[in-house]
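Single-structure report; data block below.
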Amino acid sequence: EQLFVGDAGTTEPSDASRRVGVTWTNFNRLTPNLTVDFDVSFARARFARRADGEAYIPGALESVVTAGLSWAPGVQGPYASLRLRHFGAYPLVEDNSVRAAPSSLVSASAGWALGALRIGVSVLNLLDSDDSDIEYFYESRLPGEPAGGLSDVHFHSFEPRQVRLTASWGL
């Protein structure tokens with residue numbers, strides 16, 4: 001199992017692990033132009049040779065949901081999509097006493113296809129969520145803090161809402 005090392009900003013090998021889970025994937029074409037997809041995964045990840053109270057794998061996702069609704073024209077016309085990605089809470093330390101908060105991200109896009117030309121707009125982080133994209137728990141030290149540092153959750157928030165205009169030409 002590779003684990004993130006905050007001070008080094010890299011990963012290092014750790015103990016052997018065992019993962020079991022289930023993933024359910026769906027894709028359905030409701031009409032010739034309208035599709036819906038829905039995927040859900042649940043997993044149990046543990047270190048293989050550690051006591052039960054210390055066997056959680058930091059950063060191992062336990063539940064993930066992705067879903068989308070898409071409208072696509074034949075050769076020309078409007079197109080649009082709406083996407084959701086949700087990560088459930090997950091352990092940040094081996095004893096599961098610190099957990100990452102769940103996070104959800106919604107994005108949308110729309111545009112017009114004119115044969116091979118596509119003009120569109122995408123809105124990333126449509127709801128302007130300030131959830132964390134990823135979280136870690138490790139010791140760090142800022143000026144004025146104790147020499148040994150402080151253990152705390154470190155995170156990278158979602159990028160703020162963004163609007164992107166696109167033009168593409170396909171063969």
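Numbering of residues begins at 1 and proceeds along the displayed sequence.
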**OP:** Would you mind reporting whether Phe137 and Pro58 have side-chain heavy atoms less than 4.5 Å apart?
**Re:** no
Original post:
Counting heavy atoms not belonging to Asp52, are there more than 12 under 6.0 Å from its CG?
Top reply: no
Original post:
Taking NZ, NE, NH1 and NH2 as the nitrogens, is one of them in Arg85 or Asp133 under 4.0 Å from a carboxylate oxygen of the other?
Top reply: yes
Subject >> Arg141 side chain vs Gly148 backbone, donor-acceptor pair below 3.5 Å >> reply: no
Original post:
Between Asn33 (side chain) and Ala72 (backbone), is there a donor-acceptor pair under 3.5 Å?
Top reply: yes
Original post:
So, do Ile57 and Leu3 sit near enough that their side-chain heavy atoms are less than 4.5 Å apart?
Top reply: yes
Original post:
Looking at side-chain heavy atoms only, is the closest gap between Phe47 and Glu54 below 4.5 Å?
Top reply: no
**OP:** Would you mind telling me which of Arg19, Arg50, Arg46 makes a salt bridge (charged side-chain N to carboxylate O under 4.0 Å, His left out) with Glu1?
**Re:** Arg19
Original post:
Judged by atom type as modelled, is there a donor-acceptor pair below 3.5 Å linking the side chain of Tyr56 to the main-chain atoms of Ser97?
Top reply: no
Scan the side chains in residues 100-113 for donor-acceptor partners under 3.5 Å anywhere in the protein, sequence neighbours excluded, and list what turns up.
unit_1, atom_1, unit_2, atom_2, d
Ser103, OG, Ser132, O, 3.4
Ser104, OG, His86, ND1, 2.6
Ser107, OG, Asn125, N, 3.4
Ser109, OG, Ser81, OG, 2.9

Original post:
Can you name the residues that form a salt bridge (charged side-chain N to carboxylate O under 4.0 Å, His left out) with Glu62, not counting sequence neighbours?
Top reply: Arg99
**OP:** Output yes when Asp37 and Arg83 qualify as a salt bridge under the 4.0 Å nitrogen-oxygen rule, no when they do not.
**Re:** yes
**OP:** Mark yes when over 12 heavy atoms from residues, nucleotides or ligands other than Arg161 sit less than 6.0 Å from its CZ; otherwise mark no.
**Re:** yes
Subject >> Partner set under salt bridge (charged side-chain N to carboxylate O under 4.0 Å, His left out) for Arg118, not counting sequence neighbours >> reply: none
